[in-house]
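Below you'll find the structure, written out as structure tokens, and then a few comments.
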Amino acid sequence: MRRRIDTERLTLRSWEDGDGPALRAALDRSDAHLRPWVPFMRNEPRSLQATCDQVVEFARQFAAGEVYRWAVLAGDVLVGEALFMQKADAVPAIGYWLHVDHCGRGYAGEAIRALLAEADAQEVAALEAFVDVANDGSNGLIARLGFELDRTVDMEGDRLHVWLRCRPEVG
Ligand SMILES: CC(C)(COP(=O)(O)OP(=O)(O)OC[C@H]1O[C@@H](n2cnc3c(N)ncnc32)[C@H](O)[C@@H]1OP(=O)(O)O)[C@@H](O)C(=O)NCCC(=O)NCCS
């Protein structure tokens, strides 16, 4: 996966040393908006130092090809995150969130489309997205992006729709 992907309005780039303060501020500001839907919020709020350490770890994981997490930037403003996770013996999954102040502008759709194009270029055969059944915004978004509802599962106390997208046929 490329470390940097540019779209019409956005840049997706792997998290870097130095992103900690912006990530901390985005998560703090967006806490109530993210907490119901994003599993990692169970471990938030972290301290600033722990957040700075975490972005260094994200960069390491990206370079090692373990988990690909991109900061999503509009200019130099952090507006969210997109991620792609390989899984042993399972279909890879994507994830995403937006800063609460940057919703409603089509940024999530634009970032995810770029991520899907990158996955297609890397010949990823299929992708899944796990979305809480009550998360209307995300279920609507992922359906608009061409995913199909595959199944519904119970996971760690949550009921999740599992959306599936297969790589389009070429030619
Ligand atoms: C899910 C989430 C990413 C969706 O964000 P979003 O901004 O609503 O999504 P989009 O990028 O698709 O934007 C669509 C909205 O932007 C509007 N929009 C404005 N300009 C636009 C443009 N140029 N292009 C497309 N849409 C545009 C659309 O009309 C739409 O608004 P509406 O929802 O009021 O109809 C966001 O709500 C979020 O971060 N939620 C919490 C975390 C979460 O649930 N993550 C997913 C876990 S599975």
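These figures come from a predicted structure and were not determined experimentally.
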Under a 4.5 Å cut-off applied to non-hydrogen side-chain atoms, are T152 and V133 in contact? yes

By salt bridge (Lys or Arg N to Asp or Glu O under 4.0 Å), R35 pairs with (sequence neighbours left out) D31

Next item on the list: Group every Ile, Leu, Val, Met, Phe, Trp and Tyr by side-chain heavy-atom contacts under 4.5 Å, then state whether L115 and L78 land in the same group.
Entry: no

| For L27, does its backbone N or O pair with a side-chain atom of E44 as donor and acceptor, under 3.5 Å? | no

field: Pairwise side-chain contact, R3 with E16, heavy-atom cut-off 4.5 Å (strictly under)
entry: yes

Output for pair (D6 CG, T11 OG1), nearest 0.5 Å, gives 4.0 Å

Here the gap from L73 atom CG to T7 atom OG1, rounded to the nearest 0.5 Å, amounts to 10.5 Å

Rounding to 0.5 Å, atoms CZ (R46) and CG (L23) come to a distance of 9.0 Å

Side-chain heavy atoms nearer than 4.5 Å, only ILVMFWY residues, links allowed to pass through others: does that put L116 and V72 together?
yes

Open item on the list: Is there a side-chain contact between R42 and E156 in this structure, where contact means two heavy atoms from C-beta onward sitting under 4.5 Å apart?
Closed with: yes

* Asked: Is there side-chain contact between M155 and V162, with at least one heavy-atom pair below 4.5 Å?
  -> no

E128 and R151 have their tightest heavy-atom pair at OE2-NH1, 2.9 Å

So for atom CZ, which belongs to R60, do other residues, nucleotides or ligands contribute more than 12 heavy atoms lying within a distance under 6.0 Å? yes

Do any N or O atoms from the side chain of R167 and from the backbone of A126 form a donor-acceptor pair under 3.5 angstrom? no

Rounded to the nearest 0.5 Å, the CG atom of L12 sits from the CD atom of E110 at a distance of 9.0 Å

Tightest non-hydrogen contact, residues P21 and L48, listed as CA-CD1, 3.8 Å

- What's the verdict on side chain to side chain contact (heavy atoms under 4.5 Å, CB included) for E148 and L164, showing C-alpha distance, side-chain angles and the deciding distance? CA-CA 5 Å; E148 295 196 350; L164 177 68; 5.5 Å; no

Paired with D19, the salt bridge (charged side-chain N to carboxylate O under 4.0 Å, His left out) test is passed by just one of R24, R13, R69, namely R13

Looking only at atom types and distance, does a side-chain atom of S30 sit under 3.5 Å from a main-chain N or O of H33, one as donor and one as acceptor? no

Closest heavy-atom pair, T51 versus G20, reported as atoms and distance to 0.1 Å, is CG2-O, 3.7 Å

Closest non-hydrogen atoms of A93 and K87, given as atom of the first, atom of the second and distance, are CB-CE, 3.9 Å

Separation between CD1 (I142) and NE2 (H161), nearest 0.5 Å, reads 12.5 Å

Nearest heavy-atom contact between R29 and H99 is CG-CE1, 3.5 Å

Hydrophobic clustering (ILVMFWY, side-chain heavy atoms < 4.5 Å, transitive) - are I94 and L149 grouped together? yes

Distance col, row L145:CG vs L127:CG, nearest 0.5 angstrom, shows 11.5 Å

Are more than 12 heavy atoms from other residues, nucleotides or ligands located less than 6.0 Å from atom CZ of R4?
no

Find out if a path of hydrophobic residues (ILVMFWY) with successive side-chain heavy-atom gaps under 4.5 Å connects I5 to V77. yes

With a 4.5 Å cut-off on side-chain heavy atoms, are P36 and D132 touching? no

inquiry  = In this structure, would L141 and L34 fall into the same cluster of hydrophobic residues linked by side-chain contacts under 4.5 Å?
reply    = no

So, W15 and Q54: side-chain donor and acceptor under 3.5 Å apart, yes or no?
no

Those residues at least two apart in sequence (or on a different chain) that pass salt bridge (Lys or Arg N to Asp or Glu O under 4.0 Å) with D154 are R159

* N139 side chain to A134 backbone, donor-acceptor under 3.5 Å -> no

Exercise for review: Kindly assign one of parallel, tilted or perpendicular to the pair F62 and Y68, based on the angle between their ring planes and the thresholds 30° and 60°.
Suggested key: perpendicular

Tightest non-hydrogen contact, residues L10 and A111, listed as CD1-N, 4.0 Å

Check your understanding: Do F84 and M1 come within less than 4.5 Å of each other through their side chains, counting heavy atoms only?
Key -> yes

Partner of S138 under side-chain hydrogen bond (donor to acceptor under 3.5 Å, both in side chains), picked from W37, Y96, W163, W97, is Y96

